[in-house]
Amino acid sequence: MQLSEQEVGRRNAKQQLEQLGINPYPSELYSVTHYAKGIKEEFDENKPEEFKEVTLAGRMMSRRIMGSASFAELQDSSGRIQFYVRRDDICPNEDKTLYNTVFKKLLDIGDIIGIKGFVFKTQVGETSVHVTELKVLTKSLKPLPIVKETIDKEGNKQLHDAFTDPEMRYRQRYVDMIVNPEVRETFKQRTKVVNTMRNFLAEKDYLEVETPILQPLYGGAAARPFKTHHNTLDMTLYLRIANELYLKRLIVGGYDGVFEFSKDFRNEGMSRFHNPEFTQVELYVAYKDYNWMMNLVEEMIERVAMELHGTTKVQVGDNVIDFKRPWKRYTMFEAIEHFTGIDISKMEEAELRATATKLNVPIDESMGKGKLIDEIFGENCEAQLIQPTFITDYPVEMSPLAKKHRDKDGLVERFEAIANGKEICNAFSELNDPIDQRARFEEQLELGKRGDDEAMVLDEDFLRAIEYGMPPTAGLGIGIDRLSMIMTNSNSIQDVLFFPQMKPEKKQTVVLTEDENLVFELLEKNSKMELNKLKEAAGLSNKKWDKAIKGLTANKLAKVTKTDEALEVEIG
RNA sequence: GAUUCGGUAGCUCAGCUGGUAGAGCAUCUCCCUUUUAAGGAGAGGGUCCUGGGUUCGAGCCCCAGCCGAAUCACCA
């Protein structure tokens, strides 16, 4: 509640605007005709008549006052443009208040204003708007961090005093977006990733659906869930960790293709690749298999890269990743042999354990054969796969929802696509043999007993559904956040989530009583008042007044000082 | 969870061996009609993350904690 000097100044400016009869928060619409970017791109000095009346709205982001004329910058959703305000243009009559007082004194950086005028080029050649009308649209009460930029000798943009503190950027994303325009760009691209995929899938006539987020049983992935409770039904519900089992029920129900962009929730560690809630798209298509699905993934992701970058090549950190089809394909055993020189395809659990130890792969007792193979792969191969690569044919133990391989014993028809050393999708020919599926669930229960707290639980209703018969189906899940990280060259998942999960902000919020609030608000308007006048204005009884003012001084929100004539109260 | 680094003005940061807290930008006052990190003159602004300790004296040293980042671990 402690206001900084600048915040007090802005509150005062707001009041003064009101006293001048200017509503700092007007309600009527403001008709914008142009955007900064469009004007800068299209204005031709030889044809100024094309832009002789433009109206823009946005935030004032800088101001250079030169006596009775000023330059300032307006930032709208498209970018920034400079505008020029001359006193005698916006105040053609005797009354120069709008320029001298409103523009120069009462407006601040960050205020939202509307400007009307004509476009011209300055002597230095910068396209600018010569303002003839100016309107206050919203007074901003908190000062923004000021980022300035210059162009160096090589023509590169240099930022000065950039707003970079990650904590503040994530906690106050709105400020981040105002001050760092590339952040808005990243999120636009994220949306483009999603829209491209959505259009791609819709064009194929697959049906976009919505399935429950609150689930009585969590399933479809190996992860710890968030748990909640429904009061009326008095039952435990889980936030979904995946939507796989529901989408497959819809395939049983008769759709040929269904997909869902879904927020999923996993109660696990956080890192630059993990946020407790994240987005996946899952797709299930009847009468297809995982080979078919690999082709679809290549085509779809290649299209995403093209839509965003106009090329299949994407710069990610130091690497250039080329999503052009076809991608490299390795079986998991081939990949391990390729990177370690060891053929583990025929090994049993004990031998795998020994191999893992030899390769310095950390293992523990709860790991079965499948998990061991996965660990060996994860440690030795995954990070080295920079260019998009399909890894196929996983051990059956770690894929309880995937169909057994048509001719390789002990494996399932599953693939992951890996790019930049990270998994970006996971897919399989879906297991549709209900007897086998029940047996796999039961193996999971065993693993759970062995100490694997991410083992899957048995879902009787799902089994009942596929007992009615689920056609041969190919299924896919793509992590939207990780794909967006690659496509936008972001180093952290927090950079592709508007509001990444953070620890709660530590804040000593002082809770005021009703009376205290009343007195404080009165005081806030004047910042300093004679005690008796304040008391009178508050209209409280002696006792209530005494309690309120003591409460405020105790919280250091008000300070009472004694002068020769009287007692004075000021904001603490 | 481990290790390392960090937290100082609204923002970005400096602060020597422990000796009265600094700069640029922002803010305020004044000058300035094509400037652009505008310029010139002046002013104000601090819980040095919090709590203990050492010391005549702590932004600095010690201990504990909070918050953040990077790397690793965990996490298909």
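All values derive from a computational prediction rather than experimental measurement. Residue numbers begin at 1 in each chain, while the letters A, B, ... track the order of the sequences.
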P spacing across the pair B:A43 / B:A37, given as an integer number of angstrom | 26 Å
Could you check A:D165 against A:D108 and say which one's nearest nucleotide on RNA chain B is further toward the 5' end?
-> A:D165
Taking the same atom, P, in B:G53 and in B:G45, what whole-Å distance lies between them?
-> 31 Å
Please determine if a side-chain N or O atom of A:Q6 lies less than 4.0 Å away from the OP1 or OP2 oxygen of B:A9.
-> no
If a protein heavy atom is under 4.0 Å from the base, mark B; if only from the sugar-phosphate, S; if neither, -; do that for nucleotides 29-38 of chain B going 5' to 3'.
-> -S-BBBBBBB
Output yes when A:K403 and A:D436 qualify as a salt bridge under the 4.0 Å nitrogen-oxygen rule, no when they do not.
-> no
Which base sits across from B:A21 as a Watson-Crick or G-U pair, both distances under 3.5 Å?
-> none
Assigned partner base of B:A69, Watson-Crick or wobble definition, under 3.5 Å | B:U4
Pick the P atom in B:A26 and in B:U36, then give their distance to the nearest Å.
-> 14 Å
Pairing partner of B:A76, by Watson-Crick or G-U wobble and under 3.5 Å for both distances, is none
ring-ring contact (aromatic ring centres under 6.0 Å, His included) against A:Y394, all qualifying residues, sequence neighbours excluded | none
Which part of the nucleic acid does A:M168 contact within heavy-atom distance under 4.0 Å: base, sugar-phosphate only, or nothing?
-> sugar-phosphate
Roughly, in whole Å, what's the span from CZ in A:F163 to C1' in B:C25?
-> 15 Å
Tell me: CZ of A:F273 to P of B:A73, nearest whole Å?
-> 12 Å
Euclidean distance for P, B:U17 against B:G24 (whole angstrom) = 24 Å
Pick the P atom in B:G44 and in B:C62, then give their distance to the nearest Å.
-> 36 Å
Expressed in whole Å, how much space separates the C1' atoms belonging to B:A9 and B:C49?
-> 15 Å
What integer number of Å spans the C1' atoms of B:G15 and B:C28?
-> 27 Å
Between A:K142 and A:E7, is the closest basic N to carboxylate O distance under 4.0 Å?
-> yes
Whole angstrom value for the distance that separates P of B:A26 from CD of A:E7 | 18 Å
Kindly say whether A:I109 contributes a backbone atom to a donor-acceptor pair with the side chain of A:R63 at under 3.5 angstrom?
-> no
Does a salt bridge link A:E334 with A:K328, judged by any charged N lying under 4.0 Å from a carboxylate O?
-> no
Length of the CG-P vector between A:N426 and B:A76, whole Å | 11 Å
Please identify each residue that fulfils ring-ring contact (aromatic ring centres under 6.0 Å, His included) with A:F118, with sequence neighbours left out.
-> A:H130
Opposite nucleotide pairing with B:A64, Watson-Crick or G-U, both atom distances under 3.5 Å = B:U50
Determine the contact category for A:R10: base if any of its heavy atoms lies under 4.0 Å from a base atom, sugar-phosphate if only primed atoms, P, OP1 or OP2 are that close, otherwise nothing.
-> nothing
Starting at atom CG of A:D176, determine the distance to atom P of B:C11, rounded to an integer number of angstrom.
-> 14 Å
Base, sugar-phosphate, or nothing: which does A:R266 touch, judged by heavy atoms less than 4.0 Å apart?
-> nothing
Using 4.0 Å as the upper bound for N to carboxylate O, is an ion pair formed by A:D374 and A:K371?
-> no
Pairing partner of B:C16 (Watson-Crick or G-U wobble, both distances under 3.5 Å) = none
Starting at atom CD of A:E423, determine the distance to atom C1' of B:C74, rounded to an integer number of angstrom.
-> 16 Å
Atom P, compared across B:C25 and B:G40: separation rounded to whole Å = 9 Å
Between the side chains of A:Y170 and A:D495, is a donor N or O closer than 3.5 angstrom to an acceptor N or O?
-> yes
With both distances under 3.5 angstrom, what nucleotide forms a Watson-Crick or G-U wobble pair with B:C28?
-> B:G42
Which whole-number value in Å describes the distance from A:I146 CD1 to B:A23 P?
-> 19 Å
Using modelled atom types only, decide if a donor and an acceptor are shared between the side chain of A:S262 and the backbone of A:D264 within a distance under 3.5 Å.
-> no
Return the value, rounded to whole Å, for the distance between atom CD of A:E379 and atom P of B:C72.
-> 11 Å
Within the structure shown, what part of the strands sits under 4.0 Å from A:A223 by heavy-atom distance: base, sugar-phosphate, or nothing?
-> nothing
Among B:A73, B:C11, B:U71, which is the nearest nucleotide to the side chain of A:R272?
-> B:U71
Remember a base hit wins even if backbone is also touched, and classify A:E382 as base, sugar-phosphate or nothing at under 4.0 Å, heavy atoms.
-> nothing
